Participant: 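What follows is a structure written as structure tokens; I'll ask about it next.
Model, not experiment: these values are computed from the prediction.
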Amino acid sequence: MIGLIVTGHGHFADGIHTSAQMIAGENEYVRYINFEEGTTPEQLADKFNAAFDEFKTCDGVVVLSDLPGGSPFKTAVECKYARADQKIEVIAGTNLPMIVTAVTMLDTEDDPRALADELVETAKDCIVVFEMQAPADTESEESDGI
């Protein structure tokens, strides 16, 4: 079992939580942590560490962050390196398909790096630009009798 932490600026975590819940349901091994205006990096680290403590019995933890280099991402990375006893992977660029995939895989995966790699591939696969395609030229099913 792997624990999952979703974090981001403002109410990113809460907002994406409602969408993930609607699609994949709730999961007791997922925590959503907002980085709201006025929150210090130290307070954010306290929230991460509390969640990491909750997941100590898990095989590891994957953190999904909104932006690379932002405070939630950097703080999660700092906490990761302060916890050498836990397997923690931190990913930035989170989208909803990643969370839905993660929620469905948490209880079947025991390697946080493998799950992190799978989630990055999911994210890439689900980023698309819509393009209208011309209908395929198909022959009529009607026959002229010949």
Participant: Could you tell me which residues satisfy side chain to side chain donor-acceptor pair (under 3.5 Å) with Asp59, sequence neighbours excluded, listed by chain and number?
Facilitator: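 Partners of Asp59 under the side chain to side chain donor-acceptor pair (under 3.5 Å) test: none.
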Participant: What heavy-atom pair brings Thr122 and Met98 nearest, and what distance separates the two atoms?
Facilitator: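 Closest pair (atom of Thr122, atom of Met98, distance): CG2-N, 4.2 Å.
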Participant: Which pairs, with at least one residue in residues 72-81 and sequence neighbours excluded, count as a side chain to side chain donor-acceptor pair (under 3.5 Å)?
Facilitator: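 As it turns out, there is no side chain to side chain donor-acceptor pair (under 3.5 Å) pair with a partner in residues 72-81 once direct neighbours are skipped.
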Participant: Any chance you could measure Asn95, atom CG, to Asp66, atom CG, to the nearest 0.5 Å?
Facilitator: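 These two atoms lie 12.0 Å from each other.
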Participant: Just by modelled atom types, is the Met105 backbone N or O under 3.5 Å from a matching donor or acceptor in the Thr108 side chain?
Facilitator: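 Judged by distance alone, yes, a pair lies under 3.5 Å.
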Participant: Measuring only between side-chain heavy atoms, which start at C-beta, is Leu106 closer than 4.5 Å to Leu115?
Facilitator: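 They are in contact (side-chain heavy atoms under 4.5 Å apart), so the answer is yes.
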Participant: Do Ile23 and Leu96 come close enough that some side-chain heavy atom pair is under 4.5 Å?
Facilitator: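 Result yes, sub-4.5 Å side-chain heavy-atom pair found.
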Participant: Looking only at heavy atoms, what is the nearest atom pair of Gly60 and Pro112, with distance?
Facilitator: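 Of all heavy-atom pairs spanning Gly60 and Pro112, the closest is CA-CG, 3.9 Å.
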Participant: Kindly give the heavy-atom pair with the smallest separation between Leu44 and Thr39, and that separation in Å.
Facilitator: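 In this case the closest contact between Leu44 and Thr39 is N-CG2, 4.0 Å.
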Participant: Identify the two heavy atoms, one from Glu36 and one from Gly10, that lie closest to each other, and give their separation to 0.1 Å.
Facilitator: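 That closest heavy-atom pairing would be CG-O, 3.8 Å.
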Participant: Is the shortest heavy-atom distance from the side chain of Val120 to the side chain of Lys124 under 4.5 Å?
Facilitator: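 With C-beta onward as the side chain, the pair touches.
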Participant: Looking only at heavy atoms, what is the nearest atom pair of Ile33 and Ala51, with distance?
Facilitator: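 That would be CD1-CB, 4.2 Å.
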Participant: Which heavy atom of Gly93 sits nearest to which heavy atom of Pro68, and what is that distance?
Facilitator: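 Taking every non-hydrogen atom into account, N-CD, 4.5 Å.
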Participant: Can you run down the ring-ring contact (aromatic ring centres under 6.0 Å, His included) pairs that involve residues 19-52, sequence neighbours left out, and say none if there aren't any?
Facilitator: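 Non-adjacent pairs meeting ring-ring contact (aromatic ring centres under 6.0 Å, His included): His9-Phe35, His17-Tyr32.
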Participant: To the closest 0.5 Å, what do you measure between CD (Glu42) and NZ (Lys47)?
Facilitator: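 Between Glu42 CD and Lys47 NZ, I get 13.0 Å after rounding to 0.5 Å.
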Participant: In Å, rounded to the nearest 0.5 Å, how long is the span from OG1 of Thr18 to CE of Met22?
Facilitator: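 Here the interatomic distance stands at 9.0 Å.
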Participant: When you measure from the side chain of Asn34 to the backbone N and O of Asp14, does any donor-acceptor pair fall under 3.5 Å?
Facilitator: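 Side chain of Asn34 to backbone of Asp14, a donor-acceptor pair under 3.5 Å: yes, one is there.
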Participant: Answer whether the closest heavy-atom distance between the side chains of Val90 and Phe73 falls below 4.5 Å.
Facilitator: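 Heavy-atom side-chain distance check passes, below 4.5 Å.
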Participant: Nearest 0.5 Å, please: how far is NZ in Lys87 from CG in Asp111?
Facilitator: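 With rounding to 0.5 Å, CG (Asp111) is 6.0 Å from NZ (Lys87).
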Participant: Between Val30 and Val100, is there shared hydrophobic-cluster membership here, with clusters defined by ILVMFWY side-chain heavy atoms closer than 4.5 Å?
Facilitator: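 Shared cluster, yes.
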Participant: Please say which of Ile16, Leu119, Ile5 ends up in a side-chain contact (heavy atoms from CB on, under 4.5 Å) with Leu64.
Facilitator: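 Testing each of Ile16, Leu119, Ile5 against Leu64, the sole residue satisfying side-chain contact (heavy atoms from CB on, under 4.5 Å) is Leu119.
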Participant: Would the distance check show the side chain of Thr7 and the main-chain N or O of Ser65 forming a donor-acceptor pair, the cut-off being under 3.5 Å?
Facilitator: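 Checked: no pair found.
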Participant: Can you measure from CG (Asn49) to CD (Gln86) and round to the nearest 0.5 angstrom?
Facilitator: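 Nearest 0.5 Å value for the CG-CD distance: 9.0 Å.
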Participant: Distance check, rounded to the nearest 0.5 Å: Gln133 atom CD versus Glu131 atom CD?
Facilitator: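 Rounded to the nearest 0.5 Å, the CD-CD separation comes to 7.5 Å.
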Participant: Quick check on Glu37: does its CD atom have over 12 non-hydrogen neighbours (other residues, nucleotides or ligands) under 6.0 Å away?
Facilitator: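 For Glu37, atom CD is not crowded (no more than 12 foreign heavy atoms under 6.0 Å).
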Participant: Please report the C-alpha distance between Arg83 and Lys56 in whole Å, then the side-chain angles of each, then the deciding distance to 0.1 Å, and finally whether the side-chain contact (heavy atoms from CB on, under 4.5 Å) criterion is met.
Facilitator: CA-CA 10 Å; Arg83 292 176 162 265; Lys56 272 198 179 242; 3.9 Å; yes
